[in-house]
Amino acid sequence: MQELLFDEMSGHDSQIETILVDPVAETVTVSFLSYPTDQCRDRIPLKILFTKVTSVSTIADIKELAKNRGFGNVVQWHISKKEGTSFISLTGGYLAITSRDVPTVMDGPEMSASE
């Protein structure tokens with residue numbers, strides 16, 4: 001899944017579920033429902049964990065995100081393959097996360113409620 005995130009997935013038409021920022025742990029976790037490839041008809045749960053986060057910037061029109069959720073409220077993303085800034089373009093906004101670590105893909109179905 002990690003390779004798909006960087007090489008195959010554009011994030012287009014993904015649905016944002018949650019954005020969790022933990023300033024003490026210096027982490028950001030973004031949960032999505034996403035198409036793993038352009039040919040797939042069903043979205044899969046996907047979590048991306050950013051560690052050693054140094055900054056988070058976001059502008060989000062909450063009404064636009066809610067209005068476009070069914071179609072997908074992610075326009076596209078560019079997830080950094082190394083330390084640096086990852087960009088997630090949203091309908092009515094964006095999310096930029098800068099970290100000193102490579103983002104990690106955590107598949108949603110195997111995740112427990114404590115993670």
Side-chain angles (χ1 to χ4, degrees):
M1 184 57 89
Q2 189 86 11
E3 295 79 26
L4 273 178
L5 178 69
F6 296 132
D7 299 328
E8 303 279 332
M9 297 177 77
S10 68
H12 184 68
D13 287 342
S14 292
Q15 298 169 333
I16 285 201
E17 301 257 276
T18 61
I19 302 168
L20 301 173
V21 178
D22 185 337
V24 174
E26 299 179 345
T27 62
V28 174
T29 305
V30 185
S31 299
F32 303 92
L33 292 175
S34 299
Y35 295 110
T37 67
D38 290 340
Q39 294 78 32
C40 285
R41 296 178 55 142
D42 296 318
R43 293 180 177 103
I44 60 166
L46 176 73
K47 289 185 182 185
I48 303 174
L49 173 65
F50 299 86
T51 56
K52 298 182 183 176
V53 172
T54 57
S55 70
V56 178
S57 299
T58 189
I59 295 177
D61 183 324
I62 298 299
K63 287 185 180 182
E64 279 295 309
L65 289 174
K67 182 174 119 182
N68 289 288
R69 187 176 188 289
F71 300 109
N73 48 22
V74 174
V75 177
Q76 69 178 27
W77 62 45
H78 172 74
I79 306 300
S80 183
K81 292 182 181 184
K82 55 184 181 177
E83 72 176 69
T85 304
S86 296
F87 298 95
I88 303 169
S89 299
L90 309 171
T91 55
Y94 74 91
L95 177 63
I97 303 165
T98 303
S99 62
R100 296 184 316 266
D101 243 345
V102 177
T104 305
V105 175
M106 305 180 333
D107 296 333
E110 292 85 43
M111 299 306 296
S112 69
S114 65
E115 294 185 82

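All heavy atoms count here, side chains included; hydrogens, waters and symmetry mates do not.
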Partner set under side chain to side chain contact (heavy atoms under 4.5 Å, CB included) for [X], not counting sequence neighbours:
X   : value
S99 : F50, V53
R43 : D13, Q15, L33, Y35
K67 : E64

Contact summary for D42 and P36, nearest pair of heavy atoms:
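Nearest pair, atom of D42 first, then P36: O-CD, 3.8 Å.
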Between P103 and I79, which heavy-atom pair has the shortest distance, and what is it?
CG-CG2, 3.8 Å
So how far is it from [X] [atom1] to [Y] [atom2], rounded to the nearest 0.5 Å?
X   : Y    : atom1 : atom2 : value
T51 : D101 : OG1   : CG    : 3.5 Å
L90 : Q76  : CG    : CD    : 11.0 Å
L49 : M106 : CG    : CE    : 5.0 Å

Is there a path of hydrophobic side-chain contacts, each under 4.5 Å between heavy atoms, that joins [X] and [Y]?
X    : Y   : value
V105 : I16 : yes
I88  : V56 : yes
L65  : F32 : yes

Could you tell me whether a side-chain N or O of H12 sits under 3.5 Å from a main-chain N or O of V75, the two making a donor and an acceptor?
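Yes; judged by distance alone, with no hydrogens or angles, the pair exists.
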Test of understanding: with side-chain hydrogen bond (donor to acceptor under 3.5 Å, both in side chains), list the residues that count as partners of S89, not counting sequence neighbours.
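With neighbours one apart ignored, the set is empty.
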Starting from Y94 and following side-chain heavy-atom contacts under 4.5 Å between hydrophobic residues (I, L, V, M, F, W, Y), which residues can be reached?
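Result for Y94 is I59.
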Starting from F71 and following side-chain heavy-atom contacts under 4.5 Å between hydrophobic residues (I, L, V, M, F, W, Y), which residues can be reached?
none
Can you list, pair by pair, the side-chain donor-acceptor contacts under 3.5 Å of residues 17-28, counting residues two or more places apart and other chains?
residue, atom, partner, partner atom, Å
E17, OE2, R69, NH2, 2.2
T18, OG1, S31, OG, 3.2
D22, OD1, V24, N, 3.1
D22, OD1, A25, N, 3.0

Check the pair V30, I97 against side-chain contact (heavy atoms from CB on, under 4.5 Å), reporting the backbone distance first and the verdict last.
CA-CA 10 Å; V30 185; I97 303 165; 4.0 Å; yes
Quick test of your reading: applying side chain to side chain donor-acceptor pair (under 3.5 Å), list the pairs with at least one residue in residues 52-61, sequence neighbours left out, ordered by first then second residue.
S55-T98
